[in-house]
Amino acid sequence: MEIDRMNFIRHFADRDAAETRYFGHSRQLAMEPDAMLHVDYHTLNSNEVKDWVSAIRPDVVLTYGVHKISTELLESFPEHRWNIHGGLSPWYRGNTTLFWPFYFMKPNWAGMTIHQLTAKLDGGAIVHHSVPELVRGDGLHDVACRAVKQAAEDIVMILRKLDRGESVQLLPQKSSGKLFMTEDWHPQHLRVVYNLFDNDIVDRFLDGEFGFHEPPLIKAF
């Protein structure tokens with residue numbers, strides 16, 4: 001339908017604008033050539049990657065936005081091997097998990113999870129939940145961008161703890177929550193955000209229109 005086509009265009013145009021506002025344009029980090037290994041979906045779990053990880057012997061491995069890591073590659077990772085997931089696990093696992101809290105009118109549940117990297121999708125023991133401040137006037141993509149920035153700041157704090165020799169506790173996920181699949185999301189879902197609320201869900205939440213249910217967050221500091 002035309003309404004869904006227009007919402008789809010608006011949604012992704014607004015996301016591009018928000019990401020440019022918060023993060024600027026992408027740029028290549030200045031690193032030694034030996035410190036980088038370029039892979040794609042087909043070579044992610046290859047022996048080349050496993051050998052490279054084994055050779056550099058990292059203290060910590062962080063993944064973000066990658067496909068599933070094979071069991072064989074996981075075995076080459078150190079004890080501190082963590083994934084940064086764009087969603088609050090276990091309640092929002094899988095895909096599009098910074099969108100669904102807005103669809104359910106719970107923007108304070110839009111956040112990130114740092115968890116142990118395991119063979120189970122977004123199911124490893126939790127190191128830390130990271131949530132951004134909700135700022136009046138923010139739309140869905142503002143909150144998503146703030147969540148990414150907050151998680152980046154938090155992971156630095158956690159790594160500094162490790163550098164000082166302090167331990168980091170991991171708490172197993174005690175419920176399965178909801179695993180959102182790619183096929184769960186359709187452009188029709190955007191009608192709630194844009195046509196019903198005109199992307200002002202944060203303001204209405206801050207005004208108390210949706211009530212308040214605080215997520216039981218796990219914190220590393």
Side-chain angles (χ1 to χ4, degrees), residues 8-9 11-90 92-100 110-128 130 140-141 144-156 158-159 173 178-187 189:
F8 187 89
I9 293 171
H11 182 71
F12 287 100
D14 286 356
R15 187 178 79 170
D16 183 65
E19 290 178 349
T20 300
R21 247 187 351 263
Y22 284 89
F23 307 121
H25 296 285
S26 63
R27 60 188 184 278
Q28 178 67 54
L29 294 175
M31 298 177 68
E32 294 295 327
D34 291 344
M36 296 184 290
L37 179 66
H38 294 279
V39 300
D40 57 23
Y41 172 76
H42 301 287
T43 58
L44 173 63
N45 291 302
S46 64
N47 286 332
E48 180 186 14
V49 175
K50 184 176 180 180
D51 293 342
W52 182 77
V53 172
S54 298
I56 64 175
R57 300 173 61 190
D59 297 314
V60 180
V61 168
L62 299 174
T63 63
Y64 177 52
V66 301
H67 292 277
K68 187 175 181 180
I69 305 294
S70 69
T71 301
E72 292 75 19
L73 183 54
L74 282 173
E75 290 174 350
S76 69
F77 289 174
E79 174 188 357
H80 301 304
R81 51 183 186 271
W82 304 332
N83 180 57
I84 304 171
H85 166 62
L88 290 184
S89 290
Y92 294 92
R93 295 168 51 225
N95 296 312
T96 329
T97 42
L98 286 171
F99 168 81
W100 292 111
M112 312 281 282
T113 304
I114 301 165
H115 65 84
Q116 187 79 352
L117 191 58
T118 67
K120 185 177 181 181
L121 183 63
D122 301 331
I126 294 174
V127 178
H128 181 76
S130 181
L140 183 156
H141 298 302
C145 290
R146 290 186 194 277
V148 172
K149 293 188 71 172
Q150 188 63 57
E153 294 173 5
D154 289 355
I155 196 68
V156 170
I158 296 169
L159 292 175
Q173 299 191 41
K178 166 66 176 171
L179 178 61
F180 290 91
M181 309 300 290
T182 302
E183 56 267 25
D184 289 334
W185 186 89
H186 300 282
H189 290 114

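The figures here come from the full heavy-atom set of this structure, side chains too, leaving out hydrogens, waters and symmetry mates. Just so it is clear, the model here is predicted, and its values are computed rather than measured.
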[X]: partners by side chain to side chain donor-acceptor pair (under 3.5 Å), with sequence neighbours left out:
| X | value |
| --- | --- |
| T71 | none |
| T97 | none |
| R15 | none |
| S70 | N45 |

Any heavy-atom pair between the side chains of [Y] and [X] that's under 4.5 Å?
| X | Y | answer |
| --- | --- | --- |
| D59 | P78 | no |
| H189 | F99 | yes |
| L98 | M112 | yes |
| I126 | T113 | yes |
| R81 | V60 | no |
| W185 | F180 | no |
| T63 | W82 | no |

Please name the pair of heavy atoms, one in [X] and one in [Y], separated by the smallest distance, quoted to 0.1 Å.
| X | Y | result |
| --- | --- | --- |
| V39 | V49 | CG1-CG2, 3.5 Å |
| Q173 | G124 | NE2-O, 2.8 Å |
| Y22 | K149 | O-NZ, 4.0 Å |

Would D51 and S54 satisfy side chain to side chain donor-acceptor pair (under 3.5 Å), going step by step from the backbone distance to the final call? CA-CA 5 Å; D51 293 342; S54 298; 5.5 Å; no

Whether E19 side chain and C145 backbone form a donor-acceptor pair below 3.5 Å: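 Here the side-chain-to-backbone pair does not exist.
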
Any donor-acceptor N/O pair, H80 side chain to F77 backbone, under 3.5 Å: no

Test of understanding: with side chain to side chain contact (heavy atoms under 4.5 Å, CB included), list the residues that count as partners of L179, not counting sequence neighbours. R93, L121, M181

Under the side chain to side chain contact (heavy atoms under 4.5 Å, CB included) test, residues paired with T118 that sit two or more places apart: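 Checked T118 against side chain to side chain contact (heavy atoms under 4.5 Å, CB included); matches are Q116, K120.
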
About how many Å separate [atom2] of [Y] and [atom1] of [X], when rounded to the nearest 0.5 Å?
| X | Y | atom1 | atom2 | value |
| --- | --- | --- | --- | --- |
| R146 | S130 | CZ | OG | 13.0 Å |
| D14 | I9 | CG | CD1 | 11.5 Å |
| L117 | K68 | CG | NZ | 10.5 Å |
| N95 | T182 | CG | OG1 | 3.5 Å |
| D16 | H11 | CG | NE2 | 12.0 Å |

Side chain to side chain contact (heavy atoms under 4.5 Å, CB included) between H186 and F8: does it pass, once the steps are laid out? CA-CA 9 Å; H186 300 282; F8 187 89; over 6 Å; no

Just wondering, are more than 12 heavy atoms of other shown residues or ligands nearer than 6.0 Å to CD in E183?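 Atom CD in E183 is crowded, with more than 12 foreign heavy atoms closer than 6.0 Å.
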
Candidate pair I155 and L62, rule side chain to side chain contact (heavy atoms under 4.5 Å, CB included), full reasoning: CA-CA 10 Å; I155 196 68; L62 299 174; 4.0 Å; yes

Between K178 and W100, is a side chain to side chain contact (heavy atoms under 4.5 Å, CB included) present by the stated rule, with each step listed? CA-CA 11 Å; K178 166 66 176 171; W100 292 111; over 6 Å; no

For the pair H85 and H115, name the ring-plane relationship: parallel under 30°, tilted 30 to 60°, perpendicular over 60°. perpendicular

Audit row: W52, L37, side chain to side chain contact (heavy atoms under 4.5 Å, CB included) steps and yes/no: CA-CA 8 Å; W52 182 77; L37 179 66; 3.7 Å; yes

